Amino acid sequence: MSPRRAKVAVIHAPSSVGVSVHRVEGVDKVTGAARYLDDLVVPGVLHGRTVRSVVPRGRIRRVTLDPAFDWKGVVVADHRDIPGENVVALIANDQPLLAVDEVRHAEEPILLVAHENPERAEAARLAVKVEIEPLEAVLTVEDALARRALVHGDDNVFKEIVIARGDLERGFSDADLVIEGEYRSGHQEQLYIENNAMLAERTRDGGLFVRGSLQCPYYVHRALERMFALPAGKVRVLQTVTGGGFGGKEEYPSMIGGHAALLAWKSGRPVKIVYDRLEDIAATTKRHPAVSRLRAGVMRDGTLTALDFDLVMDGGAYETLTAVVLSRGAIHAAGPYRWPNVRIRARGVATNTPPNGAFRGFGAPQTQFALECHMDRIAAALGMDAVELRHRNAVRIGDVTPTGQVLKESVGARQVLERVAARSKWSAARREIERANAAAEVAERSARTVNGGRRLRRGLGVSLVYHGAGFTGSGEVRLASLAAMDLDRDGHPRVRVANTEIGQGTTTMFAQLAAEALRVPAEFVRIEDPDTGSVPDSGPTVASRTCMVVGGLVAECATAMRERLELFAERPIKGANDFAHVARRYLAARGALRIERRYRRPPGIEWDDASYRGDAYGVFSYASCAIEVEVDLDTCETRVVHVQTAQDIGKAIHPVLAAGQIEGGTLQGLGWALLEELRWKEGRVWNHQLTNYIIPTSADAPPIEVEIVEIPYSHGPHGAKGVGELPMDAPAPAVVAAIAHATGVAVSEIPVTPERLRRALREAGR
Amino acid sequence: MSRPIRVTMTVNGRRRHVTVPAMKRLRDVLREDLKLSGSKEGCGEGECGACSVLIDGKSVNSCLVPAAQASGARIVTIEGLARGRRLSALQRAFIELGGAQCGICTPGMLITATELLQRAKGRVPGDQEVREALAGNLCRCTGYQKIVDAVRAAARTRVSAKRAKARPRAAAARTRVSAKRSARPKTRRP
Amino acid sequence: MRAALSAIEVLRPRGLSHALELIASEPQPVPLAGGTDLFVALNAGAEPRTRFLDLSPLAALRGIRSSREGVTIGSLTTFREIREHAGLRHLPALVAAAAEVGGWQIQNRATLGGNIANASPAGDALPVLLAHEARVKIASVRGEREIAIDRLFTGYRQLAIERDELIVSIHVPWPTRGAVALFRKVGTRRAQSISKVVFCGVLHVAGRGMERVRLAYGSMAPVPVRARAAENALEGSALPAPQGAGSPGSPDVSESSAAAARRALSKDLAPIDDIRSDRDYRMDIAGRLIEQLLRVAAFSPRR
């Protein structure tokens with residue numbers, strides 16, 4: 001594969017970092033030249049299809065191939081064909097590649113078929129008859145906790161985490177007010193527009209070459225080693241141009257890649273598995289539903305004294321990533337506030353629904369949604385302004401989080417809140433809206449028609465959140481990411497990392513960081529494809545870590561490369577031509593130049609996995625949103641009018657790409673808050689089409705104004721912290737607060753569909 | 001198998017003949033028979049718009065058009081928007097203003113935006129007008145903000161191009177960066 | 001795509017009479033217009049039929065023609081054409097409905113005749129046609145006939161059309177002078193959505209009274225329906241007072257008749273809980289849309 005050439009035009013020379021250079025693969029993407037997996041033409045390819053369970057739980061009695069069907073040319077594979085272990089290796093390693101004798105969730109894969117004609121492959125799928133004896137299924141967290149049936153261990157609990165700090169009893173006795181609440185959020189589908197797609201081939205040396213739409217090539221690589229009992233060197237995984245991920249292509253591509261590889265292994269032919277939308281929504285991972293019960297103590301002046309947070313997340317049928325999602329959710333549950341006394345108890349439970357998995361935010365949106373709604377409830381009880389309550393309690397340098405982490409630097413909580421309050425003209429805007437709402441009410445009572453007969457009310461809400469960048473706790477130490485740079489034949493510097501471009505701008509950002517250190521233009525830098533055959537394992541593209549952690553390693557590699565070449569040339573290198581000249585001389589004289597850097601824990605960061613205490617993350621990013629909505633009191637529809645947001649991400653390496661992350665994450669948050677809901681029927685996803693799983697269109701999207709606040713982090717490249725997930729945390733609670741401002745009713749469950757809002761208004765007697 | 005039919009159409013200015021099943025989707029004809037893989041598929045049911053192409057100047061979902069109905073049509077796909085290596089004003093604006101992220105919706109988005117600008121006849125469409133026009137093209141990455149900005153910037157380019165050669169406005173006007181180290185923020189625009 | 005498209009046969013007629021012969025042939029083909037509904041079913045593997053009749057060559061089914069009585073719209077007219085046709089400005093509800101059918105891509109392909117033939121209870125244009133008392137012209141080898149739109153929908157996705165008949169055109173009479181019309185689609189989002197409730201109301205006004213009232217709903221019953229009991233509850237009662245005329249706090253929206261109309265809806269409508277909404281919400285919103293219509297009428301400048 002040819003390296004991705006950095007076709008980067010520099011708008012403002014000479015610096016790369018902080019400048020919005022053109023996206024590396026931009027021209028390919030606007031001309032239709034970019035090749036996604038389904039665009040690859042492979043001679044002799046077979047099209048794979050997956051036969052799945054139609055019940056949420058049961059025992060497989062019999063699998064029959066319809067004798068009336070013409071099976072000529074059809075490849076069939078089941079669990080007995082797996083050369084290695086029947087497991088999709090991840091953390092707990094509890095999920096099989098293909099079901100053996102029991103199914104634990106609807107859509108669980110049982111058998112695979114493939115044919116060179118996709119119509120025949122589909123017909124073959126329908127000609128497989130699976131008889132399953134249904135067993136009682138657990139479909140909700142309530143059912144799981146009530147042990148309606150035992151589907152995992154003796155309590156249906158995958159994982160329990162307790163985080164405690166201070167003296168909770170004392171905190172509540174110090175409080176003037178104790179406020180309780182329960183908040184719920186449901187499944188959310190990542191809904192990348194490119195469905196999951198993988199292609200597998202058997203190589204001549206008896207190994208496997210697997211390509212696909214994915215975030216983490218080494219996750220797929222390790223899973224394939226296990227399934228096929230192959231040594232690492234016999235497996236090669238390459239990411240193709242990927243049409244969105246958002247976490248949805250973190251762990252599930254190992255499953256699809258395994259299926260395609262199994263069919264390829266058995267048939268000796270290349271096999272493509274491209275899900276259609278129905279299959280993708282029905283079968284793949286979702287955001288974990290969560291139920292949060294909160295009890296908070298507060299003094300009359302707004303000082304928070306105690307928080308007791310009980311969290312339950314629905315992990316689905318296999319543990320997969322639930323323990324880590326739960327962990328991030330729990331660690332973020334107290335929000336960016338000073339709580340002298342806090343206890344967080346978090347449980348991830350098993351149900352007979354498809355396993356929930358990674359989705360932008362990874363547990364933190366769920367808990368901070370609950371916490372922020374609760375902050376508004378506290379403000380209302382105190383009769384205090386929502387911004388003032390937050391500002392009074394927001395963390396500053398020196399404050400301590402529930403895990404005992406002392407925040408030592410780059411704490412932008414108050415600044416982002418101040419910026420959002422200023423830019424939204426918070427107090428004046430709230431008063432103006434209240435006046436307008438009162439006037440509308442009077443007008444309607446006098447039978448005056450305004451707004452085309454619609455009874456509209458506006459509202460403005462605010463939120464404040466934070467998000468830890470990188471893997472939790474000792475995760476980064478365990479990952480021990482390795483990044484490399486070398487020189488290509490033409491004397492261009494080349495970045496070799498396994499981190500993937502999934503739309504967020506990874507390649508462009510790496511080119512910029514390397515270019516800055518090398519003092520060359522970004523378009524001079526080449527980025528190797530994420531191919532496990534040619535790049536080291538720099539860790540997965542998840543957890544807002546790519547820029548802060550891996551970008552930092554790339555910048556170190558580039559700095560070392562420049563020093564090495566300057567030492568060789570015995571003079572400073574000036575610009576791209578000079579670099580290429582020196583590099584070619586180096587290659588001729590000394591041979592290849594390869595620089596590697598491995599992650600080292602920054603000094604002063606300590607974490608203890610056993611006690612769950614210490615520095616959960618190197619640093620946090622901070623965000624605040626002010627969101628204005630308009631509610632139609634007749635139909636209970638909510639329209640988001642405007643979003644103001646300020647986000648402290650340390651440093652925007654590329655301001656346009658960073659703003660793009662923030663705007664995109666914000667709209668996903670708005671979708672989660674208002675529209676996106678999975679409907680279930682007998683344990684199966686009912687709304688598995690784009691006509692009925694509803695994401696925002698451009699007509700639903702408000703203008704989003706972004707202010708990037710840069711409070712640098714000393715261990716991030718140029719001060720950069722994480723940006724990918726943070727924007728997802730802030731919108732939902734601000735929407736709920738805005739609706740409460742408009743209607744007087746604070747709902748406690750999202751999405752706030754018109755039906756749900758109408759019920760809430762009715763219960764409140766409005 | 002029913003008998004394939006012969007279909008003649010003009011694709012990106014070239015007359016093309018294919019012999020295909022009558023109900024074969026135009027999207028599949030373009031991708032498989034004409035090797036134009038720029039038209040994508042996100043849903044197969046006319047919701048996402050990733051397969052959009054222009055038929056006689058109008059944006060349609062090519063996953064909902066049978067080959068039989070494309071007979072005699074003038075079709076423009078994403079591959080036909082640039083003149084040789086010269087990108088259209090819309091394509092340039094998408095690159096400069098960050099309108100494409102993962103890129104899977106971009107071909108369809110550019111097709112519908114092309115129809116919008118043709119209908120606007122040199123007028124710069126309003127923010128809300130762009131949002132309504134593009135509602136049949138789902139994007140999950142951008143939040144649409146930079147797409148709307150890019151479409152309007154391209155329209156401005158087309159307007160001003162009549163007078164002088166101009167480029168779409170660079171820089172994202174909606175993004176502010178404030179570098180803050182002390183209590184009082186100094187703000188600057190990128 | 002879950003259907004085997006290569007197995008599907010498509011008949012191409014040379015003209016309307018040929019099309020009528022083809023559709024009378026066995027096995028009877030499925031008429032194919034813009035395809036925007038049919039391909040959704042094919043994609044999901046939910047359309048087992050394998051013989052289709054492509055209507056697109058039939059020029060006789062295209063075009064919008066105005067007369068003194070009203071407007072006649074060819075069944076192959078797309079929603080884009082309806083949105084843009086200057087002659088339809090006196091039917092703002094129809095234009096509004098056309099603008100809310102899917103995104104541009106759908107509006108550029110989907111046809112008014114297809115919307116009727118698909119007979120979905122959620123068809124966006126259907127309440128507009130019902131509230132405006134449209135008539136549908138149908139042809140077969142046996143000849144042509146006209147049927148009032150409110151007699152067309154006989155059951156869930158069933159039409160009072162024989163299998164060998166084709167929809168030729170739709171005639172919509174002009175509303176009376178000073179009539180007030182409201183179209184409102186309450187969907188799953190602001191664009192490109194399927195309705196939870198879709199409504200069209202037309203008030204024909206005489207003096208201060210509501211002489212004739214036509215209320216029609218989609219997604220509120222197995223078929224798009226007229227709400228006749230609610231219409232009766234309003235007909236003959238006074239319109240709400242215009243701005244400033246009523247005393248504050250007690251609008252003149254003949255509140256009793258509005259309330260009676262809302263109550264009467266339970267006789268007219270039978271919504272269900274489904275994938276998009278629930279019965280309770282739908283019933284409530286259906287009633288509130290009548291109130292919105294009355295508020296619009298109260299302020300209408302036409303009187």
Side-chain angles (χ1 to χ4, degrees), chain B residues 1-5 7 20-29 32 41 43-73 108-109 111-116 119 128-138 144, chain C residues 1-13 29-30 32-47 49-58 76 78-81 83-84 99-111 114 187-194:
Chain B
M1 275 291 208
S2 75
R3 214 179 49 213
I5 60 163
V7 176
V20 294
M23 279 297 270
K24 186 164 186 175
R25 303 181 302 172
L26 176 59
R27 174 216 178 249
D28 300 337
V29 174
E32 294 166 12
E41 175 168 337
C43 65
E45 54 183 26
E47 283 285 322
C48 75
C51 64
S52 299
V53 300
L54 297 177
I55 292 188
D56 300 329
K58 295 193 181 82
S59 176
V60 305
N61 295 306
S62 64
C63 75
L64 302 181
V65 178
Q69 291 188 347
S71 178
M109 199 66 84
I111 286 291
T112 312
T114 299
E115 184 190 354
L116 171 66
R119 283 181 180 280
Q128 205 50 42
E129 190 182 349
V130 177
R131 289 177 192 276
E132 273 157 31
L134 299 180
N137 291 89
L138 296 178
Y144 303 102
Chain C
M1 175 54 63
R2 297 188 174 190
L5 295 182
S6 66
I8 292 175
E9 183 186 9
V10 180
L11 310 177
R12 300 270 287 172
V30 184
L32 166 67
T36 53
D37 283 314
L38 270 178
F39 268 89
V40 174
L42 288 165
N43 183 58
E47 174 54 78
R49 297 172 291 182
T50 58
R51 199 163 188 245
F52 290 76
L53 174 66
D54 180 11
L55 303 182
S56 67
L58 304 179
L76 285 188
T78 65
F79 288 106
R80 165 62 80 182
E81 288 158 353
R83 274 187 85 169
E84 292 185 343
E100 292 204 35
V101 177
W104 277 23
Q105 293 92 330
I106 300 295
Q107 292 168 17
N108 284 337
R109 292 282 300 170
T111 66
T188 49
R189 63 186 162 204
R190 289 176 59 75
Q192 178 95 327
S193 77
I194 303 178

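A note on names: the letters A, B, ... follow the listed sequences, proteins ahead of strands, and every chain is numbered from 1. Source: prediction; values computed, not measured.
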Check: By a 4.5 Å heavy-atom criterion (distance strictly below it), what part of B:V65 contacts chain C: side chain, backbone, both, or neither?
Finding: both
Check: Is it the backbone or the side chain of C:L32 that comes under 4.5 Å from a heavy atom of chain B, or both, or neither?
Finding: both
Next item on the list: Examine distances only and state if a side-chain atom of C:Q107 and a backbone atom of C:A99 form a donor-acceptor pair shorter than 3.5 Å.
Entry: yes
Next item on the list: May I ask you to name which of B:P66, B:S52, B:A135, B:S71 has the most heavy-atom pairs under 4.5 Å with chain C?
Entry: B:P66
Checklist line | Pair C:R80 + B:E115, salt bridge at N-O below 4.0 Å | finding: yes
Notebook entry, point to check: Which residue out of B:C63, B:A133, B:P4, B:G44 racks up the most heavy-atom pairs below 4.5 Å with chain C?
Noted result: B:A133
Next item on the list: Measure B:R119 against the heavy atoms of chain C and call it side chain, backbone, both or neither at under 4.5 Å.
Entry: side chain
Notebook entry, point to check: Which region of C:A110, side chain (C-beta onward) or backbone (N, CA, C, O), has a non-hydrogen atom less than 4.5 Å from a non-hydrogen atom of chain B, or is it both or neither?
Noted result: neither
Margin query: Please report the interatomic distance OG(B:S62) to CZ(B:R25), rounded to the nearest 0.5 Å.
Written below: 8.0 Å
Notebook entry, point to check: What part of B:L116 is in contact with chain C, defined as an atom under 4.5 angstrom from a non-hydrogen atom: side chain, backbone, both or neither?
Noted result: both
Checklist line | Expected output: side-chain C:N43 to main-chain B:C43 donor-acceptor under 3.5 Å | finding: yes
Check: Is a salt bridge present between C:R83 and B:E132, judged by a nitrogen-to-oxygen distance below 4.0 Å?
Finding: no
